[in-house]
Each structure stands twice: as structure tokens, then as C-alpha cells.
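Just the heavy atoms: all of them, side chains too, but no hydrogens, waters or symmetry mates, feed the values below. By convention here, the first residue in the shown sequence is residue 1. Quick caveat, the model's predicted, so the values are computed rather than measured.
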Amino acid sequence: RGSSAASDVYKGQRLDRSTGTVRFGDGDQGKIPPRGQDTIRATYTTGGGRDGNVEPEAVTELKTPISLVDSVSNPTASDGGAGIEPVESAVSRAANRIKTRGKAVTASDFEQVAAAAVRTLATVECKPQLGPDGNRNPGWMTLLVVPDAQRDQPMPSMELEQRVHKAVSEVAPATLTEGDRSQIIVRGPTYAAVSVDVTVHTTGVKSIYLLKTRLEETLAEYLDPLSGGPDNTGWEFGEPPSESSIESLVRSVSGVDTVTE
């Protein structure tokens, strides 16, 4: 809608979001727009999708000047930006909503509810009977969530955790939410650092430096939490990389003849 005056005049307009069609009034319910060229104009803006998920201190200037404001910055990383939802994802989400019928019982139910509530999650895993101290504790439930963010160690913001917590609490059994203290925990994972020390043998390579760089980049891509792993789909929770898989990966790099150690 445009100005408040236009909103009053064309009160009967309807927007079909699936087709992008705006229908105006018929003269009785809402005014009929005048004929002629350029009598109706529409402008709209959208967000930046994943590009808006920036690191701390990445925002350094205002797009529109504000009086008395000299500088700006973002003290924490931003998240929540997502691209257009694929049709397959929307179909799956609708089917899961019908399946759960507003109630979550199994670990899979909670994972589906969390993923539907916050589409910027790269992965989520429900750990029944996992307490706040990380040990088995009947009556508690922990959801491990990882945002889809291009960072070495993607961690959810407090706001993202709260959104997931609210969504799953609305469908959780009363035993998890009754009383003054919720027994549902939403948090990010605990990352484990991986160090690789490898010695290779090569012949006919013009630049040892470039080979070393290729090896480092290949290993970094393989160990990436969200896009690495054996299938390039990220690592499962608790899944460690094996020495044999890393050795095979190093051997596949162009210029490497053998892996000595």
C-alpha cells in the first residue's frame, strides 16, 4: 500500500501472494483505479537473504544519514537472512505440519518443528534426556542448532535460540514446559578443533608453495562444518574425520605422488 490516503481509498484491494496479482475494488467495495498510462505504480524492496548474515563489526556506515549519528557498527554477528524457500522444502514442511498436528512427541518431530520455525538453520538435532550440564538427565531435552552461516564455527545468536525455543515449547508435552522452569534447552554445538600434520612426496612440481596452499585449502574445505565431510553436505554431530579419509583426500590433490606420513 502507498500513503494512508491511498489505503483509505483503495481499501478493497486484495493481494494474491502466490501469483503476485493485486486486485482493486469494484466501485462498491473499494474504488476502481482511473484509466490511463502510469496511473498505478508499485515499488517494493526485499532483504539481502544470506548476504545479510554478516560478521561482527561488518556494518560501518549508514545507508541513510541520521542526525547526530557519526558512526555505526554491529557488535554481534547478524543472522536470520534466508533465500527463497525451495518448493520441495515447502511441500515437506506442510506434510510435517499435518503429521505433527500441532504436537511434537518424537525427536524427529521437534527437529522438524525447529527447522520450519527458523529456515536459516543448517542443521538441528534433538537430544532427549540431555540436561543442562551435558549429561543424561531424564525429563530434559536439548536441541543442538547450527545456523547456515559462512563462519569457521557457526553459532546461533541468542535471538535465534529464543525463536527455536518458543516454537518447540508451543508443541512440546506439558512435562517439559510446566512450572516456572522449562526443561527444554536450545544451544549451539561444542566444536572440536582438528589439526592435520601431513608429509607428502612429489616430483615435477614447479612450486612447493602452491602445492602446500592447495593442500591447505583442500583440507579446510573438507573439514568445514557445514559444507565439508565425505559427501560435501557437512559433518554430523559427533562424527569425527578418520585418518584414512584424510590420507585419501591428500593423495587425490594434483601434484601429490605419495603420502609419507
Side-chain angles (χ1 to χ4, degrees), residues 1-4 6-7 15 17 20 41-86 89-90 93 111 113-125 142-169 185-196 207 209-210 212-229 232-237 241:
R1 297 189 177 186
S3 65
S4 59
S7 298
L15 170 64
R17 298 184 182 278
R41 295 185 181 184
T43 59
Y44 68 93
T45 58
T46 62
R50 287 183 57 186
D51 292 340
N53 301 331
V54 298
E55 297 290 342
E57 309 299 333
V59 179
T60 58
E61 62 180 18
L62 290 169
K63 294 299 183 182
T64 303
I66 299 177
S67 177
L68 303 180
V69 175
D70 295 328
S71 63
V72 295
S73 66
N74 57 309
T76 61
S78 62
D79 58 36
I84 298 174
E85 183 179 20
S89 175
R93 177 168 51 82
E111 292 167 358
V113 169
V118 182
R119 290 200 300 112
T120 54
L121 291 181
T123 183
V124 54
E125 182 165 330
T142 295
L143 278 166
L144 298 174
V145 296
V146 182
D148 187 6
Q150 300 301 314
R151 301 167 192 154
D152 290 339
Q153 297 184 5
M155 291 294 289
S157 65
M158 183 179 297
E159 191 229 351
L160 188 149
E161 291 178 355
Q162 291 173 346
R163 287 164 57 195
V164 173
H165 192 282
K166 181 177 184 295
V168 298
S169 296
I185 300 170
V186 179
R187 66 173 178 85
T190 300
Y191 287 96
V194 176
S195 177
V196 178
S207 174
Y209 172 79
L210 291 179
K212 181 174 180 290
T213 300
R214 281 202 301 270
L215 285 166
E216 291 174 345
E217 291 175 347
T218 301
L219 287 168
E221 291 174 358
Y222 181 70
L223 297 173
D224 186 276
L226 300 185
S227 60
N232 298 321
T233 56
W235 293 89
E236 298 291 336
F237 289 105

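Side-chain contact between Leu144 and Arg187: present, with at least one pair of heavy atoms (C-beta onward) separated by less than 4.5 Å.
Here the closest non-hydrogen pair linking Glu161 and Gly188 is OE2-N, 3.9 Å. Nearest heavy atoms, Glu111 versus Val124: O-CG1, 3.6 Å. Across every non-hydrogen atom of Trp235 and Pro241, the tightest pair is CH2-CB, 3.5 Å. Counting all heavy atoms, side chain and backbone alike, Pro154 lies closest to Pro189 at O-CD, 4.4 Å. Contact detail for Leu160 and Pro147: the closest heavy-atom pair is CD1-CB, 4.2 Å.
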Enumerate, atom names and distances included, each donor-acceptor pair closer than 3.5 Å involving a side-chain atom of residues 221-228, sequence neighbours excluded.
{"residue": "Tyr222", "atom": "OH", "partner": "Ser245", "partner atom": "OG", "Å": "3.1"}
{"residue": "Asp224", "atom": "OD1", "partner": "Leu226", "partner atom": "N", "Å": "2.9"}
{"residue": "Asp224", "atom": "OD1", "partner": "Ser227", "partner atom": "N", "Å": "2.9"}
{"residue": "Asp224", "atom": "OD1", "partner": "Ser227", "partner atom": "OG", "Å": "3.1"}

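Here the side chain of Asp148 pairs no donor or acceptor atom with the backbone of Leu121 at under 3.5 angstrom.
For the atom pair Met155 CE and Thr190 OG1, the distance stands at 7.0 Å (nearest 0.5 Å). With values rounded to the nearest 0.5 angstrom, Lys212 atom NZ is found 11.5 Å from Leu210 atom CG. Here CD of Gln162 is found 7.5 Å from CD of Glu159. Values are rounded to the nearest 0.5 Å.
Every residue two or more places apart in sequence or in another chain was checked for a side-chain hydrogen bond (donor to acceptor under 3.5 Å, both in side chains) with Thr76, and none qualifies. For Glu125, the side-chain hydrogen bond (donor to acceptor under 3.5 Å, both in side chains) partners are Lys127, not counting sequence neighbours.
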Just do the side-chain contact (heavy atoms from CB on, under 4.5 Å) check on Val146 and Phe237 with the steps written out, would you? CA-CA 10 Å; Val146 182; Phe237 289 105; 3.9 Å; yes

